[in-house]
Amino acid sequence: MPEKPLDDPVARLRQDPVARLRHESIARLRRDAAAELCQAEPAAGSGVIESWDLSVGVDGPGTRFVVFTCGCPLRCLYCHNPETWRMRDGSRVTVDEVMTEVDRYRRFISVAGGGVTLSGGEPLLQPRFTGELLRRCHESGLHTALDTSGFLGDRASDALLADTDLVLLDIKSYDPRGYRRLTGASLEPTLRFARRLADLGRPVWVRFVLVPGLTDGEDNVDGLARFVATLGNVERVDVLPFHRMAAGKYARLGLTFPLADVEPPGHALLDRVHAQFAAHGVTSV
C-alpha cells in the first residue's frame, strides 16, 4: 500500500508526536465540554463564578464590574479563560453576595459611564442566576451587558434579554466547518440567537477574534460582514487580535495551549479585515 502523503491529517498525527498529543488533548477537553451541558444549575438565587474584576473598554462601555461565571459548553482553541471551563471548579455565591460587591463600586462605575457585565465561561449555562443578576442590576439603574457565544441562546428568556442593555455576541467564525474546528460545536445556534436579538431590537456588539490560519480567510470575513449587515441592531464589530497571553494559565493548569505556535495577526491583516467590514457598511474597531 502506498504511503499516505504528509498533507493527510491522519498521517501527520501519526508521524508528529507533538501534533498527536495536542489532538488528543483537544479531544479530551471537548468531551469535558459536552459534560458541562449536563451539569445541574444551582438553586434559584445562587450561581457558580470563577471571580469578578473591574475592566475598562473591552467588556462594554465605560468601566465595568465583570462577573466571570463558571462552566462552558465550548472549548475554543484560543480561549484565554480556561480556568472558567468547569462549573465544579468555581465558587458558589448568591445573587445578594454579588450585588453587595457591585454596590461597593456602584458610584465609581456609574460616574465612569460603565455598568455590570456577565462573562465567563458561558453565563447562559446558568440562566436563572444570570437572569436574576441582570434584573437586579438593571432595576437598580446600572447598565447591563451579557458576554456570550450565543451557543446556548435558546436558554435566554425574553425577560432576561429585556434586562440586558447590550449583548456582546462572540461569533467566532462564519464558516460552519471552521467554527466546529475552532470550538467543537455547531455555528447555527449562534446565528439563530443573533437573528432573535435583531428581532427583539436588543443592541449588540459582535466580537470576532482574528486568528491567522483559522478565522482570517477572506470568504469567512466577508460572510460574517454580510450577515452582520443584515441584522440592523449591531452597533459595531470588535475585531480582537489573537494573542498568546493565556499560555501561562494553561501551563499552570497542566494543559496544552493548542495555538502556542500561532503568531498574532500583523497590521496588514488587521487593516484588510477592517476594510472588508467597512465595504459592507459595518463599523469595526
[X] (side chain) donor-acceptor with [Y] (main chain) under 3.5 angstrom:
X      : Y      : result
Asn233 : Arg202 : yes
Asn220 : Thr215 : yes
Arg244 : Ala260 : yes
Arg88  : Gln39  : no
Asp103 : Thr100 : no

Pairwise side-chain contact, [X] with [Y], heavy-atom cut-off 4.5 Å (strictly under):
X      : Y      : result
Cys76  : Thr183 : yes
Thr130 : Arg155 : no
Met245 : His80  : no
Val98  : Val116 : no
Leu182 : Val209 : no
Leu74  : Lys172 : yes
Tyr250 : Pro258 : yes
Leu166 : His143 : yes

Give the minimum heavy-atom separation between [X] and [Y], together with the two atoms involved.
X      : Y      : result
Cys70  : Gly90  : SG-CA, 3.5 Å
Gly47  : Pro42  : CA-CG, 3.9 Å
Ala112 : Thr63  : CB-OG1, 3.4 Å
Phe68  : Trp52  : CD1-CA, 4.4 Å
Phe151 : Ala185 : CE1-CB, 3.7 Å
Ala194 : Leu169 : CB-CD2, 3.7 Å

Shared hydrophobic cluster, [X] / [Y] (ILVMFWY, side-chain heavy atoms < 4.5 Å):
X      : Y      : result
Tyr174 : Leu240 : no
Phe208 : Val285 : no
Tyr179 : Leu214 : no
Leu37  : Trp85  : no
Phe129 : Leu142 : yes

Nearest 0.5 angstrom please: [X] [atom1] to [Y] [atom2], how far?
X      : Y      : atom1 : atom2 : value
Arg226 : Asp219 : CZ    : CG    : 7.5 Å
Thr144 : Arg135 : OG1   : CZ    : 12.5 Å
Trp205 : Asp59  : CH2   : CG    : 9.5 Å
Ser284 : Asp238 : OG    : CG    : 9.0 Å
Asp163 : Asp158 : CG    : CG    : 11.5 Å
Arg207 : Ile171 : CZ    : CD1   : 12.5 Å

query: Should Glu188 and Arg195 count as an ion pair when the cut-off is N to O under 4.0 Å?
result: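 Arg195 and Glu188: salt-bridged.
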- prompt: Do the charged groups of Arg196 and Asp199 touch, with an N to O distance under 4.0 Å?
  reply: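 No, this pair does not count.
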- request: May I have the step-by-step check of side-chain contact (heavy atoms from CB on, under 4.5 Å) for Glu83 and Ser51, ending in yes or no?
  value: CA-CA 10 Å; Glu83 70 278 14; Ser51 63; over 6 Å; no
field: Test log, rule side-chain contact (heavy atoms from CB on, under 4.5 Å), inputs Val48 and Gln126
entry: CA-CA 8 Å; Val48 180; Gln126 303 178 57; 4.0 Å; yes
message: Walk me through whether Arg181 and Asp175 qualify under salt bridge (charged side-chain N to carboxylate O under 4.0 Å, His left out).
response: CA-CA 10 Å; Arg181 178 187 176 199; Asp175 170 58; over 6 Å; no
query: Run the side chain to side chain donor-acceptor pair (under 3.5 Å) check on Thr69 and Glu122 step by step: do they pass?
result: CA-CA 7 Å; Thr69 63; Glu122 173 50 68; over 6 Å; no
- request: Start with the C-alpha distance between Leu160 and Leu124, add both sets of side-chain angles, then the distance that settles side-chain contact (heavy atoms from CB on, under 4.5 Å), and finish with yes or no.
  value: CA-CA 10 Å; Leu160 181 154; Leu124 293 180; 4.2 Å; yes
field: From CA spacing to verdict: side-chain contact (heavy atoms from CB on, under 4.5 Å), Asp165, His138
entry: CA-CA 8 Å; Asp165 295 309; His138 193 258; 3.2 Å; yes
message: Out of the candidates Thr148, Thr117, Val58, only one should pair with Leu168 under the side chain to side chain contact (heavy atoms under 4.5 Å, CB included) rule; please name it.
response: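 Option passing the side chain to side chain contact (heavy atoms under 4.5 Å, CB included) with Leu168: Thr117.
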